Amino acid sequence: MDKQELQMAKKLNAGFRVLDDISDMNSYIHVDWSDIKAAMGGNDLAWSGAGQAEGTDGIVEAAKRAMASFSNDSLKMMNAVCISFACSAHEKLQKVTRAVDEIRACVQPDAMIVWGMMFDGQIDSGGEVTVIGFGRCSDSV
């Protein structure tokens, strides 16, 4: 295996790990493989980003950080997004929906948004957000 093939294998492995994390069966609000498959449908591009933050608005800040990892061009092409929130069991659902709204504001207005939420006992406040965006080459700018 040459260097380029090894890099591609590492990228594929990382992508599968993100998809596996997003579809974690121990979620409070679960994203299953059919949700992911629906988001992927008809798309030939995918991007992933992650963010984490602590504090009372940490989950919203983590969402902003995850979205900051994408280029403006990729954001414009995203017509479907899968989001995974890992947060404290004390996190308010209103903050998570605010974080979803932050993400929604970054992508195409009619983009499909699928999200899930899991509680992580090691997180005291704030949380971690993983975002996978999907789009088509034909939608490129």
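Throughout, numbering of the chain's residues begins at 1 and tracks the sequence. Because the structure is predicted, anything quoted here is derived from the model rather than measured.
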Is there a chain of hydrophobic side chains (I, L, V, M, F, W, Y, each step under 4.5 Å between heavy atoms) that links Met117 to Ile123?
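No, separate clusters.
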When you look at Ser48 and Thr130, which way does the side chain to side chain contact (heavy atoms under 4.5 Å, CB included) test go after all the steps?
CA-CA 7 Å; Ser48 65; Thr130 303; 5.7 Å; no
Under a 4.5 Å cut-off applied to non-hydrogen side-chain atoms, are Asn43 and Met40 in contact?
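Side-chain contact under 4.5 Å: no.
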Taking C-beta and beyond as the side chain, do Val129 and Met67 meet within less than 4.5 Å on heavy atoms?
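No, too far: nothing below the 4.5 Å cut-off.
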Output side-chain donor-acceptor pairs under 3.5 Å for residues 85-97, partner residues at least two apart or in another chain, one line each.
| unit_1 | atom_1 | unit_2 | atom_2 | d |
| --- | --- | --- | --- | --- |
| Ser88 | OG | His90 | N | 3.0 |
| Lys95 | NZ | Thr56 | O | 2.5 |
| Thr97 | OG1 | Leu93 | O | 3.3 |
| Thr97 | OG1 | Gln94 | O | 2.9 |

Of all heavy-atom pairs between [X] and [Y], which one has the smallest distance, and what is that distance?
{"X": "Gln52", "Y": "Glu128", "result": "CB-CG, 3.8 Å"}
{"X": "Ser125", "Y": "Gly55", "result": "OG-N, 3.1 Å"}
{"X": "Phe134", "Y": "Cys82", "result": "CE1-SG, 4.0 Å"}
{"X": "Ala39", "Y": "Met112", "result": "CA-SD, 3.7 Å"}

For Val81, the option from Val114, Ile132, Val131 that meets side-chain contact (heavy atoms from CB on, under 4.5 Å)
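Exactly one option meets the side-chain contact (heavy atoms from CB on, under 4.5 Å) with Val81, and it is Val131.
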Between Val60, Leu75, Ile83, which is the residue that forms a side-chain contact (heavy atoms from CB on, under 4.5 Å) with Ile103?
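Among Val60, Leu75, Ile83, the one meeting side-chain contact (heavy atoms from CB on, under 4.5 Å) with Ile103 is Ile83.
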Strictly by side chain to side chain donor-acceptor pair (under 3.5 Å), give each pair with a member in residues 58-69 just once, sequence neighbours left out.
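Non-adjacent pairs meeting side chain to side chain donor-acceptor pair (under 3.5 Å): Glu61-Arg65.
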Partners meeting side-chain contact (heavy atoms from CB on, under 4.5 Å) with Asp124 (sequence neighbours left out):
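Counting only residues at least two positions away or on another chain, Asp124 forms no side-chain contact (heavy atoms from CB on, under 4.5 Å).
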Reported CZ-to-CZ distance for the pair Arg104 and Arg98, which is rounded to 0.5 angstrom:
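Between Arg104 CZ and Arg98 CZ, I get 15.0 Å after rounding to 0.5 Å.
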To the nearest 0.5 Å, what is the distance between CZ (Arg136) and CE (Met77)?
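Answer for the CZ-CE pair, Arg136 versus Met77, is 12.0 Å.
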